[in-house]
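Residue numbers run from 1 in the order of the sequence given. All values below were derived from every heavy atom in this structure, side-chain atoms included, with hydrogens, water molecules and symmetry-related copies excluded.
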Amino acid sequence: MAQRIAIIGGGIIGVALARALSQRQAGEVTLFEKEDRLAKHQTGHNSGVVHAGLYYAEGSLKAQLCAAGRVAIKEFCLEKSLPYRELGKLVVAIDDSELAALADIEKRSRANGVPGLVRIEDSAGLREIEPHVAGVAALHSPHTAVVDYAAITEAMAQDVRASGGTILLGQEVTALAIEQGKVRVSTPVFDGVFDRVIACAGLQSDLVARMVGGDPSPKILPFRGEYWQLSGAANHLVKGMVYPVPDPRFPFLGVHFTRGVYDDVHMGPNAVPALAREGYSWSAISLRDTLESLRWPGALPFAKKHWRMGIDEIGGSLVKSLSYRKAQRFIPELKPADLAAKASAGVRAQAWGRDGSLVDDFAVDQVGPVTLLRNAPSPAATSSLSIAQYILENYLQVNTRP
């Protein structure tokens with residue numbers, strides 16, 4: 001009798017797992033998604049970038065799965081006739097103080113096998129690629145691409161259904177119980193027993209882990225990322241992607257510009273603490289979520305270390321001129337009116353430990369027959385197909401090799 005496998009979470013990783021399992025006939029696959037559509041949260045609110053692996057620590061799981069995932073996503077888009085545009089990414093050193101950090105990124109990029117990477121030594125070379133961008137040096141990743149991750153998720157879901165898998169929308173998992181080596185999964189309208197469960201619950205991942213007695217750490221700290229849309233008159237100022245050399249003192253990337261797969265250009269995201277796990281605006285407040293974050297043992301050490309960054313990010317969120325000044329450092333021609341409107345925001349599920357440190361790499365736990373994806377930050381969407389393969393091979397012992 002085929003084993004019954006449940007997947008919790010209808011973002012791109014959960015659907016990629018369902019697709020991999022159903023196509024390999026590894027069991028009867030059922031995916032539970034609490035929303036009325038797939039890809040409603042992190043997958044549907046990111047910048048759409050297919051990362052090439054520039055920033056990640058050599059040998060990290062991020063670096064390995066990003067490299068494999070980039071190739072797999074490109075092949076999938078070609079197979080399904082989905083848009084895949086290699087617009088290229090320029091990582092810009094604004095002044096000489098950033099050259100050492102740029103060299104470190106170059107070293108990591110080459111170790112990670114970033115294809116076609118080119119070092120640009122002066123502003124003239126930089127402007128050959130991005131004519132309106134200022135800086136003293138840069139790295140150019142010509143094969144960094146943009147896609148529509150929500151469309152990719154829907155195409156994967158079609159494969160799941162075609163292979164006999166089931167996707168249940170509007171089915172929030174409210175309880176999990178391990179019973180005699182199996183797992184009882186309950187929603188308001190469903191109750192059933194499965195041989196294996198894989199939780200890819202994103203912003204709710206620590207709460208799902210708690211249902212089966214998983215370690216409370218790492219906990220999810222929601223960060224909202226807000227985007228500014230460039231006006232149509234200013235779209236020509238960015239041809240592809242313009243990224244900063246990140247400040248190593250801070251856990252987030254900083255100001256960057258991205259031309260999307262449908263030719264919209266946006267600046268962002270920033271990183272401000274969200275006041276709810278699904279808090280897409282300042283008005284979305286959950287007292288429970290906020291108090292849980294404040295009570296976490298890591299809250300005080302994190303605040304002590306990063307309070308200046310927090311004030312800076314919150315200021316940029318509330319005061320347009322502060323965001324504009326950061327953006328204009330990269331594009332001097334930019335005018336305040338060119339930041340036309342705030343586009344839709346996203347909320348990042350950032351895992352953090354008891355000591356206040358942010359978990360940087362992908363993280364997976366196992367509690368009996370339950371596999372828990374505890375942390376899946378960027379480049380998770382890029383890596384979705386390779387993350388699925390990694391979990392199948394290492395946690396479900398399903399052979400994915402030809």
Side-chain angles (χ1 to χ4, degrees), residues 7 9-21 23-24 38-39 42-80 82-89 108-117 141-157 159-160 198 200 202 241 243 253 258 261 348-349 359-364 371 373-396 398-402:
I7 296 171
I12 193 169
I13 297 177
V15 178
L17 272 161
R19 176 178 179 267
L21 285 163
Q23 287 190 329
R24 289 169 177 80
L38 300 171
Q42 292 185 101
T43 301
H45 288 86
N46 63 34
S47 60
V49 175
V50 180
H51 295 281
L54 279 80
Y55 292 108
Y56 316 125
E58 180 182 354
S60 65
L61 198 54
K62 270 188 179 183
Q64 297 172 46
L65 298 185
C66 179
R70 177 184 57 80
V71 174
I73 282 286
K74 182 176 182 178
E75 291 176 349
F76 183 83
C77 288
L78 292 174
E79 176 192 342
K80 302 294 184 179
L82 294 170
Y84 185 96
R85 300 179 64 189
E86 290 188 345
L87 300 180
K89 175 193 289 186
R108 272 183 275 167
S109 299
R110 297 199 185 282
N112 293 340
V114 173
L117 189 73
S141 170
H143 297 293
T144 297
V146 287
V147 295
D148 181 340
Y149 281 119
I152 289 172
T153 303
E154 289 293 345
M156 289 182 182
D159 286 348
V160 173
I198 312 165
C200 307
M241 287 157 263
Y243 274 54
L253 190 58
T258 303
V261 72
R348 168 180 174 173
V359 181
D360 184 57
D361 210 351
F362 301 144
V364 185
T371 304
L373 184 58
R374 299 297 300 264
N375 192 46
S378 179
T382 299
S383 310
S384 53
L385 291 167
S386 56
I387 290 173
Q389 179 170 296
Y390 173 81
I391 289 177
L392 262 60
E393 290 181 349
N394 291 277
Y395 292 89
L396 303 183
V398 173
N399 183 18
T400 64
R401 305 299 174 182

**Asked** Going from OG1 on Thr153 to CG on Leu38, what distance comes out if it is rounded to the nearest 0.5 angstrom?
**Response** 7.0 Å
**Request:** Report the C-alpha separation of Ser47 and Met241 in whole Å, then their side-chain angles, then the decisive distance to 0.1 Å, and conclude whether the side-chain contact (heavy atoms from CB on, under 4.5 Å) test is met.
**Result:** CA-CA 11 Å; Ser47 60; Met241 287 157 263; over 6 Å; no
**Request:** Report yes if some heavy atom in the side chain of Tyr84 is under 4.5 Å from a heavy atom in the side chain of Leu78; otherwise report no.
**Result:** no
**Message:** Any non-hydrogen side-chain atom of Leu61 less than 4.5 Å from a side-chain atom of Tyr390?
**Reply:** yes
**Complete:** The reported gap from CD1 in Ile13 to OG in Ser386 (rounded to nearest 0.5 angstrom) is 9.0 Å
**Asked** Just wondering, do Leu21 and Leu396 contact through their side chains at under 4.5 Å, heavy atoms?
**Response** yes
**Request:** Give every residue pair that meets the salt bridge (charged side-chain N to carboxylate O under 4.0 Å, His left out) criterion with at least one member in residues 50-60, sequence neighbours excluded.
**Result:** none
**Item:** Nearest heavy-atom neighbours spanning Leu117 and Ser109
**Value:** CD2-CB, 3.5 Å
**Request:** For Asn46 and Ala381, indicate whether the former's side chain and the latter's backbone hold a donor-acceptor pair under 3.5 Å.
**Result:** no
**Asked** For Pro377, which residues count as a side-chain contact (heavy atoms from CB on, under 4.5 Å) partner, sequence neighbours excluded?
**Response** Lys62, Arg348, Phe362, Asn375
**Request:** Return yes if some donor-acceptor pair links the side-chain N/O of Thr43 with the main-chain N/O of Ile12 below 3.5 Å, else return no.
**Result:** yes
**Message:** Could you check whether any side-chain N or O of Arg85 sits under 3.5 Å from a backbone N or O of Val146, counting only pairs where one atom can act as donor and the other as acceptor?
**Reply:** no
**Complete:** Rounding to 0.5 Å, atoms CD1 (Ile391) and CG (Leu17) come to a distance of 5.0 Å
**Side-chain touch Thr144/Val49, heavy atoms, less than 4.5 angstrom** = yes
**Item:** Side-chain donor/acceptor of Gln42 to backbone N/O of Ala349, under 3.5 Å
**Value:** yes
**Complete:** Here the gap from Leu392 atom CG to Thr371 atom OG1, rounded to the nearest 0.5 Å, amounts to 9.5 Å
**Message:** To check you understand the geometry: which heavy-atom pair defines the closest contact between Val261 and Pro83, and what is its length?
**Reply:** CG2-CB, 3.5 Å
**Message:** Give me the atom names and distance for the closest heavy-atom approach of Ser378 to His51.
**Reply:** OG-NE2, 3.4 Å
Identify each donor-acceptor pair in which a side-chain atom of residues 63-76 lies under 3.5 Å from a protein atom, sequence neighbours left out, and give them as a table.
residue	atom	partner	partner atom	Å
Gln64	NE2	Gly59	O	2.8
Gln64	NE2	Ser60	O	3.4
Lys74	NZ	Glu86	OE2	3.1

**Fill in**
For Ala16 and Leu385 the tightest heavy-atom approach is CB-CD2, 4.2 Å
**Item:** CA sep, side-chain torsions, deciding dist, call: Arg374, Val359, side-chain contact (heavy atoms from CB on, under 4.5 Å)
**Value:** CA-CA 10 Å; Arg374 299 297 300 264; Val359 181; over 6 Å; no
**Rounded distance (nearest 0.5 Å) linking atom CG of Leu54 with atom CZ of Arg110** = 10.0 Å
**Asked** For residues Thr382 and Tyr149, is any side-chain donor paired with an opposing acceptor at under 3.5 Å?
**Response** yes
**Request:** Rounded to the nearest 0.5 Å, what's the gap from CG on Asp360 to OH on Tyr55? Could you check?
**Result:** 13.5 Å
**Request:** Output yes when a side-chain donor or acceptor of Arg108 lies under 3.5 Å from a complementary backbone atom of Ala57, and no otherwise.
**Result:** no
